[in-house]
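Letters go in sequence order (proteins before strands), and every chain restarts at 1. Just the heavy atoms: all of them, side chains too, but no hydrogens, waters or symmetry mates, feed the values below.
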Number of protein chains: 2
Amino acid sequence: MGSDGTNDTTKNERKPGRMSEQRQQRIRLEISREAARLFWEQGVAATTGEQIAEAVGLSVRTLWRYFRNKESCVEPVLAQDGEEFVALLRRWPRDVSLEDHLMEWAINRTKDPDQQSFDQAVIKMTVLAEKEPDLRTVWLMTNDRIERALVEIFADRLRRSPDDIEVRLHAAAATAVVRVISEDISAALMAGADPTSLGNTLGQMARAVHTATGGAVGDPVDP
Amino acid sequence: MGSDGTNDTTKNERKPGRMSEQRQQRIRLEISREAARLFWEQGVAATTGEQIAEAVGLSVRTLWRYFRNKESCVEPVLAQDGEEFVALLRRWPRDVSLEDHLMEWAINRTKDPDQQSFDQAVIKMTVLAEKEPDLRTVWLMTNDRIERALVEIFADRLRRSPDDIEVRLHAAAATAVVRVISEDISAALMAGADPTSLGNTLGQMARAVHTATGGAVGDPVDP
DNA sequence: GCTATATTGTCACTTAGTGACAGATTTTTG
DNA sequence: CAAAAATCTGTCACTAAGTGACAATATAGC
């Protein structure tokens with residue numbers, strides 16, 4: 001809010017004892033990974049905060065400083081794909097269709113070797129979130145955040161207000177269909193489906209968004 | 001699962017000491033009402049399970065037997081409108097458009113006097129659920145249940161399988177837009193808007209569902 | 001009213017999550 | 001590199017959420 005001219009950067013405010021944003025995220029990721037593993041192996045209810053903390057090598061008190069509650073420990077894992085998707089939409093050029101934009105990204109995508117095992121965790125948690133109510137809430141909250149991001153992105157693209165009810169309806173519908181497709185893909189992969197046999201997933205998403213928004217979102221728009 | 005012929009009714013199984021389903025629901029409603037009041041007056045975090053139990057006149061232990069956790073105490077209130085909506089869709093005749101069906105219901109609707117104060121609670125919680133994360137999860141879970149119900153209803157109407165991905169996409173998109181409109185209406189009413197000045201809310205919902213499903217749901221279908 | 005069964009309350013207990021404070025760590029600055 | 005300023009972490013004590021067990025009570029059917 002109120003910023004006097006002393007700070008040249010309002011966002012990247014570096015202070016003496018603060019540890020780097022990167023390091024913070026790494027720890028959160030590490031916690032999330034272990035939490036996901038434990039939740040998968042023994043269930044959510046049977047996993048205690050103490051176990052998660054021990055697995056990561058932190059005190060329980062510190063764990064609760066990184067996450068407000070047990071379930072949200074897996075939030076970084078569950079939010080992984082969604083945040084990537086949102087970031088992708090933020091770079092969506094106005095003169096390109098959604099399908100083309102997603103396809104082009106899929107082609108230039110490089111797969112980190114370490115990322116592979118992480119993707120496994122993402123799939124496992126997405127599937128687990130369909131049955132475990134405590135994880136379902138986290139998954140739905142994650143998608144709620146995506147929806148809010150899409151409101152901004154769609155408003156920008158359609159040159160309308162983020163308060164516009166139509167914009168919000170489009171964002172909600174789009175988020176919903178993307179979520180369902182994600183759940184479907186995760187379930188298929190978990191069942192042992194070959195990733196290459198899934199067909200054009202991103203194309204499916206693009207078409208679903210186009211349909212769910214009544215054709216308002218998906219086509220190229222005036223620059 | 002396994003039912004031998006001794007019981008004539010598998011659903012309405014009446015046993016000696018079991019209290020009536022109606023009585024159970026009344027207690028849940030009463031708890032939900034008080035929880036909603038307390039959450040509204042002092043916030044969710046500041047309200048303890050003990051306070052809720054005391055307000056209803058139950059022991060804390062019994063409270064936790066009716067609801068698994070503090071937040072879900074308001075679930076009956078938050079689910080109120082949604083369940084009514086789902087029930088309405090279940091009676092949706094195949095040869096009638098969604099808009100007509102909703103409109104006809106609105107006309108024949110009778111307003112219980114006791115229902116009025118309850119509606120106030122519904123609106124308050126819906127609005128509160130936009131800011132309070134702990135309530136947002138309950139609200140989203142409620143809509144998740146609605147979505148699952150819509151899958152069945154849409155599958156039935158479209159004569160397709162509930163596993164059909166398109167059916168699930170339609171249900172998800174429809175639920176999402178109905179949710180957003182509900183949030184919008186609640187916010188408007190909370191801000192003091194005259195209910196009569198809101199225009200044709202149900203018509204808006206019907207049109208939004210029609211759009212979000214790519215025209216697949218909303219029109220009359222073959223009997 | 002009697003009986004079978006479910007519901008409730010009390011008590012003891014585990015776990016989630018927080019506030020406070022001292023000590024260890026990190027980054028910037030000189 | 002050393003010092004300073006802030007943050008981060010662990011320990012401790014604590015509150016509140018939520019559960020299991022068991023005795024007492026209330027309820028429906030006869």
Report task. Please report the shortest heavy-atom distance between A:Leu78 and A:Thr126, naming the atom on each side. Result -> CD2-N, 3.8 Å
Under-4.0 Å side-chain N/O to phosphate OP1/OP2 contact, [X] with [N]:
{"X": "A:Thr62", "N": "D:dT9", "value": "no"}
{"X": "A:Tyr66", "N": "D:dT9", "value": "yes"}
{"X": "B:Arg18", "N": "D:dT27", "value": "no"}
{"X": "A:Gln24", "N": "D:dT7", "value": "no"}

Write down the distance between [atom1] ([X]) and [atom2] ([N]), rounded to a whole number of angstrom.
{"X": "B:Met19", "N": "D:dT25", "atom1": "CE", "atom2": "P", "answer": "18 Å"}
{"X": "A:Gln22", "N": "D:dT7", "atom1": "CD", "atom2": "C1'", "answer": "18 Å"}
{"X": "A:Arg23", "N": "C:dT27", "atom1": "CZ", "atom2": "C1'", "answer": "12 Å"}
{"X": "A:Gln42", "N": "C:dT15", "atom1": "CD", "atom2": "P", "answer": "12 Å"}
{"X": "A:Glu21", "N": "D:dT7", "atom1": "CD", "atom2": "P", "answer": "14 Å"}
{"X": "B:Glu71", "N": "C:dG17", "atom1": "CD", "atom2": "C1'", "answer": "13 Å"}
{"X": "B:Leu63", "N": "C:dT10", "atom1": "CG", "atom2": "C1'", "answer": "16 Å"}
{"X": "B:Asp134", "N": "D:dA17", "atom1": "CG", "atom2": "P", "answer": "11 Å"}

**Report entry** Donor-acceptor pair present, B:Arg65 side chain and C:dG9 base, under 3.5 Å
**Finding:** yes
Query raised in the report: How do B:Thr48 and A:Leu58 order along DNA chain D: which one's closest nucleotide is nearer the 5' end?
Result: A:Leu58
Query raised in the report: So does A:Glu183 pair up with A:Arg179, basic N to acidic O under 4.0 Å?
Result: yes
Query raised in the report: Who are the side chain to side chain donor-acceptor pair (under 3.5 Å) partners of B:Asp119, not counting sequence neighbours?
Result: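 Once residues adjacent in sequence are excluded, B:Asp119 has no partner under the side chain to side chain donor-acceptor pair (under 3.5 Å) criterion.
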Report task. Please work out if A:Ser72 contacts a base, only the sugar-phosphate, or nothing of the nucleic acid, heavy-atom cut-off 4.0 Å. Result -> nothing
Query raised in the report: Across the strands shown, which category fits A:Phe67 at heavy-atom distances under 4.0 angstrom: base, sugar-phosphate, nothing?
Result: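 No contact at all - A:Phe67 keeps every heavy atom at 4.0 Å or more from the nucleic acid.
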Report task. Give the nucleotide from the list C:dG17, D:dT9, D:dT27 with an atom nearest to the side chain of A:Trp64. Result ->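 The listed nucleotide nearest to A:Trp64's side chain is C:dG17.
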**Report entry** Closest listed nucleotide, where the reference is the side chain of B:Arg61 and the choices are C:dG9, C:dT8, D:dG18
**Finding:** C:dG9
Query raised in the report: Under the salt bridge (charged side-chain N to carboxylate O under 4.0 Å, His left out) rule, what pairs show up with a residue in residues 62-78 of chain A, not counting sequence neighbours?
Result: A:Glu75-A:Arg145
Query raised in the report: Taking everything shown except B:Gln24 itself, do over 12 heavy atoms lie less than 6.0 Å from its CD?
Result: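 Correct, the count exceeds 12.
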